[in-house]
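Each chain gets a letter, A, B and so on, in the order its sequence line appears, and its residues count up from 1. On a predicted model such as this, the values are computed, not experimentally measured, just so you know.
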2 protein chains.
Amino acid sequence: MMVIEQPTTQQLAHWLKVLAEPRRLQILNLLMAGVQCNCELGEQLALAPNLISHHLSVLRKAGLVEVERDAADARWVYYAINRPNLEVLNTAFAAFFDPGRIQARQPSCGPQATVVPDDLITVGCDS
Amino acid sequence: MMVIEQPTTQQLAHWLKVLAEPRRLQILNLLMAGVQCNCELGEQLALAPNLISHHLSVLRKAGLVEVERDAADARWVYYAINRPNLEVLNTAFAAFFDPGRIQARQPSCGPQATVVPDDLITVGCDS
DNA sequence: GATATAATTCAACTGTAGTTGAAGCATTGT
DNA sequence: ACAATGCTTCAACTACAGTTGAATTATATC
């Protein structure tokens, strides 16, 4: 099972994109509630099986969902939440959208800009 | 200032869609860091001012960003995070993607389905 | 081996949304 | 009044991604 260790902002953006599709969000929601095979999902969402398959594939490639075949009858496929990655996602979202991160405006532009006086500008190698 | 009181799953999906655009996510990130006027954002993201304006408008309509004009020179526009709504968003995300919500599979389909025996099915008005 | 079932894959279509480049608006300075 | 600044709006273009409907795969049953 692929586990994302340290999610970058890019990874975060990708997850957001994957989850921004309403049907996929519903699928994830149903998976979390314990529903798990293609036919059930399709029934509950009134969606053709190929579409369910497609969206599940996107969720799987994003590492949010795992797949498993029935031991007795391998025609049946069961999907499940990739818990470790969901934990990473949840933590990453909470950190990124934490209101505590909000900084007061630092005007470096416009009438209220805090301009560095010319005689304080030094020419150096620290770029 | 518009404040979202009780976010629905639909509202959540809409926020996800708005944030799924990489440049918008970057803009939100910069706003949280204290950068706030169109020109600054455009400079840091190497993006044309009309695009910044467009994306900010989307963020504003989603209730994630507030706008204010400079008191001294009204040509300058400052954008800021809508803190109350970000708090709602953060809480809603944390709740929705909480791994603790994950339920064990309840097979109602496939070989392992827990079928209700015929003699236990009652005919009533409780639909 | 032939048929049925559960799911996946494929090519073609379509609609949405980000981009482009130009015009427009509000405000300020000369 | 005129030009400049900062930003917004607009119509046309383009690309990506969800949908559609059919074909394909894999497994199981007769």
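Within the nucleic acid shown, A:R23 comes within 4.0 Å of sugar-phosphate atoms alone, with no base atom in reach, counting heavy atoms only. Across all strands shown, B:N50 has heavy atoms under 4.0 Å from base atoms, whether or not it also approaches the sugar-phosphate.
Protein atom CZ of A:R24 is 13 Å distant from nucleotide atom C1' of D:dT19, rounded to whole Å. The CD-C1' distance, from B:E40 to D:dG6, rounds to 13 Å in whole Å. In this structure, the CD atom of B:E43 is 16 Å from the C1' atom of D:dC7, given to the nearest Å. Going from atom NZ of A:K61 over to atom C1' of D:dG18 covers 14 Å, rounded to whole Å. In this structure, CD of B:Q36 is placed 16 Å from C1' of D:dC7, rounded to the nearest angstrom. With rounding to whole Å, A:L59 atom CG is found 10 Å from D:dG18 atom P. Rounded to whole Å, the distance from CZ on B:R60 to P on D:dC7 is 14 Å. A straight line from CG of B:N38 to P of D:dT9 spans 11 Å, rounded to a whole angstrom.
Heavy-atom nearest nucleotides on DNA chain D were determined for A:R69 and for B:C37, and the one closer to the 5' end corresponds to B:C37.
In this structure a side-chain-to-backbone donor-acceptor pair under 3.5 Å is present from A:T91 to A:E87. Judged by distance alone, the side chain of B:R60 and the main-chain N or O of B:V67 form no donor-acceptor pair under 3.5 Å. Formation of a donor-acceptor pair under 3.5 Å by the B:R24 side chain with backbone atoms of B:L19 is not found in this model. For the pair A:R69 (side chain) and A:A74 (backbone), a donor-acceptor distance under 3.5 Å is present. Of the possible polar contacts, one joining the A:N85 side chain to the A:G63 backbone as a donor-acceptor pair under 3.5 Å is found.
Listed by residue number, B:R75, B:W76, B:V77 are the residues of residues 71-78 of chain B with a heavy-atom contact under 4.0 Å to DNA chain D.
In summary, contact between chain B and DNA chain C, defined as any nucleotide atom under 4.0 Å from a heavy atom of the protein, begins and ends at C:dA17 to C:dT28 in the 5' to 3' direction.
Atoms CG and CG, on A:L41 and A:L51 in that order, are 12.5 Å from each other to the nearest 0.5 Å.
Atom CD of A:Q11 sits in a crowded spot, with more than 12 heavy atoms from other residues, nucleotides or ligands closer than 6.0 Å.
Taking the six-membered ring where tryptophan is involved, the planes of A:F93 and B:F97 are perpendicular, since the angle between them exceeds 60° and thus also 30°.
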**OP:** Assess whether side chain to side chain contact (heavy atoms under 4.5 Å, CB included) is satisfied between B:L89 and B:L12, documenting all intermediate values.
**Re:** CA-CA 8 Å; B:L89 180 148; B:L12 221 149; over 6 Å; no
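For the pair A:H54 and D:dT19, the criterion of a side-chain N or O lying under 4.0 Å from OP1 or OP2 is not met.
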